[in-house]
Each structure stands twice: as C-alpha cells, then as structure tokens.
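Here's the structure, in structure tokens; my notes come after.
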Amino acid sequence: MPELPEVEITRLGVESRFVEKCLTNIEIRQPMLRWPIPEAVKQVEGLRLESAQRRSKYLLLNFSAGTVMIHLGMSGALRIVPATSAWQKHEHIQWSFGDLAMRLHDPRRFGSVDFLVAGTEHARHPRLSHLGVEPFSEAFTAEHLFKCSRGRKVSVKAFLLQGHAVVGVGNIYASESLFRAGIRPGRSASRLSRADCAKLAEVIKAVLREAVEAGGSSLRDFSGIDGELGHFQNQTFVYDRQGLDCRVCKTSVRRIVQNQRSSFYCPECQKK
DNA sequence: CAACCGCCCTGGGAGC
DNA sequence: TGCTCCCAGGGCGGTT
C-alpha cells in the first residue's frame, strides 16, 4: 500500500535510472485508471526527463513540456522492464527510455496518471493545492500540528489521514505513529495538547524515515522499481497485529474500525 | 467549512 | 473443488 515511504522509494528508483534520459516512447494499454489517462501525457514523448519529485503521495516527473503526475493508489507500483518485453497482467502504461522501460502495474486501478502543462505551478493543480505540509519539511512543526488540530472534532487517526495538516501518512503509518506517541487513535484531534503534538510530529518523522530506510512496506503489492520488497511491515508495533502481543508490554493489540478503516493500538501503551 | 458516507477496483482469504 | 462474501483503502463527490 503505497504511502509516502513507498512513493519516495519509487521516486529514488526513477531518479537513479531515468533522470537525464530521453523518454523515447509512451504506450498506453489501459487508459482507464482511477480517471482516464489524458491524451496530453503524450506531449512529453521525445523529451528528456529533467527531474523526479514527490509531493505527498504523488510522483512528479518533470519535462520541458510539462509534468507527468503519477499516483500509485493502493496497489500500484512502477516496474523496470526491457522495453520490448511482453505485457503482464495489470500493466497499464509504459514509458520507454531507449531499451529500458518503466511500467505502471496496478491490479486495483486506484492509481492515476495526470499531466500538468508547463507553466502551471505544481502547487496550483487542483489535486495538489489543498495538501498539507510535507512531513520532512521545516514547516512541519509541533506548533503547526497544534494549530491545525484546533477545533477539529474528528479522531486524531482520521485527522492524520485527511492530509490537511501533514501529508503522506496513510493507514499503516498513522497507526504506528500514534502507538509511538502513546495516543489512542479515537481521541479527538481538538484535545491534543501542545506536548502531544510535539511528540506526534517527532514520531511521524521517525516512522516515515525508518520506513524509507526499510524500503517501505510490502504488505501485498508494493515493490520498488527493480522488484525489491520493503520490509517495514516486519517491524510494525501494532499495524496488522491484532490479537498479538504488544512488542513493548505484551498486552494484546486491538483492532478497531474508524471511518471504515482499520486502526490498531495497544490499550496499555496508548492511554492518552 | 466540517463531518460523514458511498464508490471505484481486484485478489486473496474465510466459510460453506 | 468452487462458489459467495467480505475486506484491503486513497481520494473524490455528494449530502447533511
């Protein structure tokens, strides 16, 4: 399930392989993903990939004519393949850089491919304009989290997932961060103290950084562009561990459902 | 605006 | 063995 660390792993892979290379061909096999892939993505054919950026969970591939914006949804991954190799099931689009190509593999097709014409600021794109701050940026502080959570009656878990305050924290890393901060997922965001926010900001950065170092989480579908699996899922404290002993205090980990989504927590370690 | 819910999609697992 | 049902969940759109 691609969250920020998985997208970052993918970005690093694309950057190391294809930046400065010429995108020789684009082939769309399944134009209908989350939204239809716009014809305009073809405009970058024949151009050099200038840089690979990430904003939230979006991968931004910059060319002189514009930016290709890729979202991996919840089952997407980019794969490196020889440009002429046979299409595999669930591979929807191919970007060839000479003999080597990159394909989007996404069984559930919750991912998307969009195009931003050059000259439009990334931040002004409707999908990007309402996003919160990047967790690794200087703007992500305890005070920022505190301010954003004022008046927010939603649970702190839902608050983190919304991405209005900070982006990139999905279901796995929200549960893990709240565990490390000792905060129950069901607690109202509005009731977080300054100290809670300080702790939460600190552990979110740590969890995400550790996940990037672990190559991300490969629970079901995710792998890096060379097929390498992440191993963060083996070191989670609570995520997907309902009924198992808490790694810290041996209490049984609980699973609850919030906003139709699973949350995991230790009732002993998370009392706040 | 906030809160909430339904929907998109497929594979995998449980239960019968 | 195969069927049916349910679940995984990010993000958007509609409603209250």
Ring-plane angle category for A:F18 and A:F97, please: parallel below 30°, perpendicular beyond 60°, tilted otherwise.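 Ring orientation of A:F18 relative to A:F97: parallel.
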Using atom [atom1] of [X] as one end and atom [atom2] of [N] as the other, report the distance to the nearest whole Å.
X	N	atom1	atom2	answer
A:Q260	B:dC7	CD	P	10 Å
A:Q258	B:dC5	CD	P	13 Å
A:N171	C:dG11	CG	P	12 Å
A:L131	C:dC12	CG	P	8 Å
A:M69	C:dC12	CE	C1'	13 Å
A:R150	B:dA2	CZ	P	14 Å
A:H105	B:dG11	NE2	P	9 Å
A:M74	C:dG10	CE	P	7 Å

Is A:E91 salt-bridged to A:R79, going by a charged N under 4.0 Å from an acidic O?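 Between A:R79 and A:E91 there is a salt bridge, with a charged N closer than 4.0 Å to a carboxylate O.
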Quiz question: by atom type and distance under 3.5 Å, do the side chains of [X] and [Y] form a donor-acceptor pair?
X	Y	value
A:S96	A:Q94	yes
A:K157	A:N171	yes
A:H71	A:D114	no
A:R103	A:Q88	no
A:T120	A:H125	no

With heavy atoms under 4.0 Å as the rule, sort A:Y58 into base, sugar-phosphate or nothing.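 Touches sugar-phosphate only.
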Could you check whether A:S262 gets within reach of a base, just the sugar-phosphate, or nothing at all, counting any heavy atom under 4.0 Å?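 Contact class for A:S262: sugar-phosphate only.
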OP1, OP2 of [N] versus side-chain N and O of [X]: anything below 4.0 Å?
X	N	answer
A:S75	B:dC9	no
A:H71	C:dG11	yes
A:K89	B:dT10	no
A:H164	B:dC1	no
A:R261	C:dC7	no
A:R108	C:dG10	no

Check this for me: does the side-chain of A:R34 come within 3.5 Å of the base of C:dG11 through a donor and an acceptor?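 Indeed, a donor on one side and an acceptor on the other fall under 3.5 Å apart.
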Options [options], nucleotide nearest the side-chain atoms of [X]:
X	options	result
A:R109	B:dC9, C:dC12, B:dA2	B:dC9
A:R127	B:dG6, C:dC12, B:dG11	C:dC12
A:P107	B:dA3, C:dG10, B:dG11	B:dG11
A:R152	B:dG6, C:dG10, B:dA2	B:dA2

Mind grabbing the angle between the end helix axes of the helix from B:dA2-C:dT16 to B:dC16-C:dG2? Five pairs an end, 10° rounding.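 If I round to tens, the end axes sit 40° apart.
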So, does A:E8 use its side chain to make a donor-acceptor pair with the main chain of A:E6 at under 3.5 Å?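 A pair under 3.5 Å: no.
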Quick one: does any side-chain atom of A:R255 pair with a main-chain N or O of A:D240 as donor and acceptor, under 3.5 Å?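 Between the backbone of A:D240 and the side chain of A:R255 there is no qualifying donor-acceptor contact (under 3.5 Å).
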Residues in contact with DNA chain C, drawn from residues 139-147 of chain A - heavy-atom cutoff 4.0 Å: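 Residues of residues 139-147 of chain A under 4.0 Å from DNA chain C: none.
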Want to settle it: does A:V154 or A:H90 sit nearer the 5' end of DNA chain B, counting the closest nucleotide to each?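 Residue closer to the 5' terminus by nearest nucleotide: A:V154.
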Could you please spell out the steps behind the ring-ring contact (aromatic ring centres under 6.0 Å, His included) verdict for A:F237 and A:F264? CA-CA 9 Å; A:F237 281 97; A:F264 304 87; over 10 Å; no
Is the centre of the A:F232 ring less than 6.0 Å from the centre of the A:Y173 ring?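 Yes, the ring centres sit under 6.0 Å apart.
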